[in-house]
Amino acid sequence: MDFDNGFSISVIAGGMAYSTPREDNKDPEFFSSFEVAIFAPDGDFTREFFPDHHDDVLGWQSRGQINALMLLVQSKNKK
C-alpha cells in the first residue's frame with residue numbers, strides 16, 4: 001500500500017515469511033500474523049517507525065499491530 005506522503009507498506013505471509021502459520025495459502029484469513037516492511041519515499045527499507053528493531057522487517061504482526069503501524073506511517077508529514 002502506498003501512502004500520500006511517499007511511504008509504503010508491504011504485508012506478506014507464507015512459507016518464506018515471518019508469519020503464523022509459515023505455510024503458503026492464498027486466503028489472508030488463513031493467517032493470524034504477518035511480516036511487515038516499510039519503504040521510505042526513496043524506495044529503500046526504513047526502520048524509522050520501529051527504530052529499536054534489529055531488522056528491516058517486523059515479523060509476526062497481528063492485524064491490530066499492522067493497522068496501528070499504518071496509521072503511524074500515514075500520519076508522517078507529507079513529502
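Quick caveat: nothing in here was measured; it's all calculated off a predicted structure.
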Under the 3.5 angstrom rule, does the side chain of [X] hit a backbone N or O of [Y] as a donor-acceptor pair?
| X | Y | value |
| --- | --- | --- |
| Gln74 | Leu72 | no |
| Thr46 | Ile38 | no |
| Arg22 | Gly14 | no |
| Asn5 | Ser75 | no |

**Asked** Between Phe34 and Phe31, what is the ring plane arrangement, given parallel below 30°, perpendicular above 60°, and tilted in between?
**Response** tilted
**Request:** Classify the angle between the aromatic ring planes of Phe7 and Phe49 as parallel (below 30°), tilted (30 to 60°) or perpendicular (above 60°).
**Result:** perpendicular
Closest contact, heavy atoms only, [X] versus [Y]:
| X | Y | answer |
| --- | --- | --- |
| Glu29 | Arg63 | CA-NH2, 3.8 Å |
| Ala13 | Ser33 | CB-O, 4.4 Å |
| Met16 | Glu35 | O-OE1, 4.4 Å |
| Asp44 | Asp42 | N-OD1, 2.9 Å |

Rounded to the nearest 0.5 Å, how far apart are [atom1] of [X] and [atom2] of [Y]?
| X | Y | atom1 | atom2 | result |
| --- | --- | --- | --- | --- |
| Phe45 | Ser10 | CZ | OG | 7.5 Å |
| Thr20 | Gln61 | OG1 | CD | 10.5 Å |
| Arg47 | Asp55 | CZ | CG | 6.5 Å |

**Request:** Report the C-alpha separation of Val36 and Leu69 in whole Å, then their side-chain angles, then the decisive distance to 0.1 Å, and conclude whether the side chain to side chain contact (heavy atoms under 4.5 Å, CB included) test is met.
**Result:** CA-CA 9 Å; Val36 179; Leu69 185 58; 3.7 Å; yes
**Item:** Whether over 12 other heavy atoms sit under 6.0 Å from Tyr18 OH
**Value:** no
**Message:** Measuring only between side-chain heavy atoms, which start at C-beta, is Trp60 closer than 4.5 Å to Gln65?
**Reply:** no
**Message:** Does Phe39 form a side chain to side chain contact (heavy atoms under 4.5 Å, CB included) with Asp2? I'd like the steps, not just the answer.
**Reply:** CA-CA 9 Å; Phe39 296 93; Asp2 297 324; over 6 Å; no
**Asked** If two hydrophobic side chains count as joined below 4.5 Å and joins carry through other members, does Leu71 share a cluster with Val73?
**Response** no
